[in-house]
Amino acid sequence: MEGSKRKSWDEYFLDIADMVATRSTCDRGRAGCVITRNNRILVTGYVGAPSGLPHCDDVGHLMRKVVYEDGSESMHCVRTVHAEQNAICQAARMGIAIEGGTLYCKMVPCRTCAMLIINCGIKRVVCRRRYHADKDSIEMFKQAGVELKVIENKVEEYDNQ
């Protein structure tokens, strides 16, 4: 195609993560994750309830309120496993080493996912947007030497945030 521009690897894998997200079973957080190494896909994951348990799309959300030190509040659905967590679990189940890899996801991972990413030895995280509570994650990545690239410097918005 004359005049067309080939996508970068980051754009390509973020687009694949968006496609993986179409399997998500929680309409609040439809997100996907792709973990690669040397520009090859190792595993994918999406937001959903643990295997064999009911999905939000079938039985509704299981919401919990989180109150932060500054008094601000946010709502979280705790029925689901995050896309990043599911991708890491898939790697573990299949015996796929993800150390040294790059993780692609919708938004800056939450604090728990950031800790898992660091402990798995993932060296680079590429996100489309910011997460409303990403301060701790950003600081931990910095301290651990994990490169973080955010494509759009705006916070991802979703229902009942």
Side-chain angles (χ1 to χ4, degrees), residues 1 3-51 55-57 66 74 76-159 161:
M1 288 185 266
S4 68
K5 181 182 175 273
R6 188 175 186 193
K7 287 187 177 199
S8 70
W9 285 111
D10 288 347
E11 293 168 325
Y12 174 70
F13 290 126
L14 281 172
D15 285 352
I16 292 172
D18 288 344
M19 179 56 71
V20 171
T22 65
R23 291 281 306 152
S24 296
T25 60
C26 178
D27 64 359
R28 270 188 90 246
R30 294 216 190 279
C33 175
V34 174
I35 300 176
T36 69
R37 191 173 48 243
N38 299 324
N39 294 326
R40 300 291 181 260
I41 295 173
L42 301 174
V43 290
T44 64
Y46 54 85
V47 174
S51 298
H55 297 291
C56 295
D57 289 352
V66 174
S74 64
H76 297 267
C77 178
V78 297
R79 185 178 306 284
T80 60
V81 178
H82 293 183
E84 301 91 333
Q85 295 165 351
N86 270 327
I88 290 167
C89 287
Q90 284 303 313
R93 287 181 77 169
M94 303 306 231
I96 299 170
I98 56 177
E99 186 172 10
T102 299
L103 184 144
Y104 294 89
C105 55
K106 184 177 188 175
M107 60 186 132
V108 174
C110 73
R111 188 178 203 288
T112 300
C113 287
M115 290 187 289
L116 292 171
I117 289 164
I118 291 165
N119 275 1
C120 287
I122 290 170
K123 295 298 179 197
R124 187 167 180 259
V125 175
V126 180
C127 317
R128 205 170 286 290
R129 294 196 177 121
R130 301 272 314 268
Y131 172 54
H132 71 273
D134 63 10
K135 183 180 175 187
D136 286 349
S137 300
I138 291 169
E139 183 57 32
M140 284 190 294
F141 284 150
K142 185 186 230 178
Q143 288 179 15
V146 174
E147 178 189 342
L148 175 64
K149 179 178 179 181
V150 179
I151 303 299
E152 300 173 30
N153 190 23
K154 69 183 230 183
V155 174
E156 179 71 22
E157 294 184 21
Y158 45 91
D159 290 340
Q161 196 169 0

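Computed from a prediction, not measured in an experiment: that's the story for all the values here. We use all heavy atoms of the structure for the numbers below, so side chains are in, but hydrogens, waters and symmetry mates are not.
- Of the candidates Cys113, Ser137, Cys110, Cys110 is the only one forming a side chain to side chain contact (heavy atoms under 4.5 Å, CB included) with Tyr131.
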side-chain contact (heavy atoms from CB on, under 4.5 Å) between Arg128 and Glu152, worked out
CA-CA 6 Å; Arg128 205 170 286 290; Glu152 300 173 30; 3.9 Å; yes

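- Between Val43 and Met94 there is no side-chain heavy-atom pair separated by less than 4.5 Å.
- The 12-atom threshold is not exceeded at CZ of Arg23, counting heavy atoms of other residues, nucleotides or ligands nearer than 6.0 Å.
- The minimum heavy-atom distance between Arg130 and Val108, with the atom names listed, is CA-CG2, 4.0 Å.
- Counting only distance, with no hydrogens or angles, the side chain of Arg37 and the backbone of Ala97 share a donor-acceptor pair below 3.5 Å.
- A salt bridge is absent between Asp134 and Arg129: the closest approach of a Lys/Arg side-chain nitrogen to an acidic carboxylate oxygen does not fall below 4.0 angstrom.
- The CE atom of Met140 sits 5.5 Å away from atom CD1 of Ile118, with the distance rounded to the nearest 0.5 Å.
- Taking every heavy atom of both residues into account, Asp136 and Arg111 meet most closely at OD2-NE, 3.1 Å.
- For the pair Thr102 (side chain) and Thr36 (backbone), a donor-acceptor distance under 3.5 Å is absent.
- With rounding to the nearest 0.5 Å, the separation of CD in Glu156 from NE2 in His132 is 11.5 Å.
- Two residues are said to be in side-chain contact when any heavy atoms from C-beta on lie closer than 4.5 Å; Cys127 and Leu148 meet this criterion.
- The two residues Cys77 and Cys26 make their nearest non-hydrogen contact at SG-SG, 4.2 Å.
- Going from atom CG of Asp57 over to atom CG of Asp27 covers 5.5 Å, rounded to the nearest 0.5 Å.
- In this structure the side chain of Leu116 never reaches within 4.5 angstrom of the side chain of Glu84, judged on heavy atoms.
- Rounding to the nearest 0.5 Å places CZ of Arg30 at 11.0 Å from OG1 of Thr80.
- One distance of note links NE2 of His76 with NE2 of His82; it measures 8.0 Å at 0.5 Å rounding.
- When side chains are defined from C-beta on, Ile16 counts as touching Phe13, because their heavy atoms get closer than 4.5 Å.
- Residue Gln85 comes nearest to Val81 through the heavy atom pair OE1-CG1, 3.4 Å, listed as atom of the first residue, atom of the second, then distance.
- Relative ring orientation between Tyr12 and Trp9 is described as perpendicular, the plane-to-plane angle rising above 60° on a 0-90° scale split at 30° and 60°.
- Nearest heavy atoms, Cys33 versus Leu103: SG-CG, 3.6 Å.
- The side-chain heavy atoms of Ile88 and Ile35, taken from C-beta on, include a pair separated by under 4.5 Å.
- Annotation for Thr44 and Gln90: closest pair O-CG, 3.9 Å, computed over non-hydrogen atoms.
- Separation of atoms CE (Met115) and CZ (Phe141) is listed at 10.5 Å; rounding is to 0.5 Å.
- Between the side chains of Asn86 and Tyr46, no donor N or O sits under 3.5 Å from an acceptor N or O.
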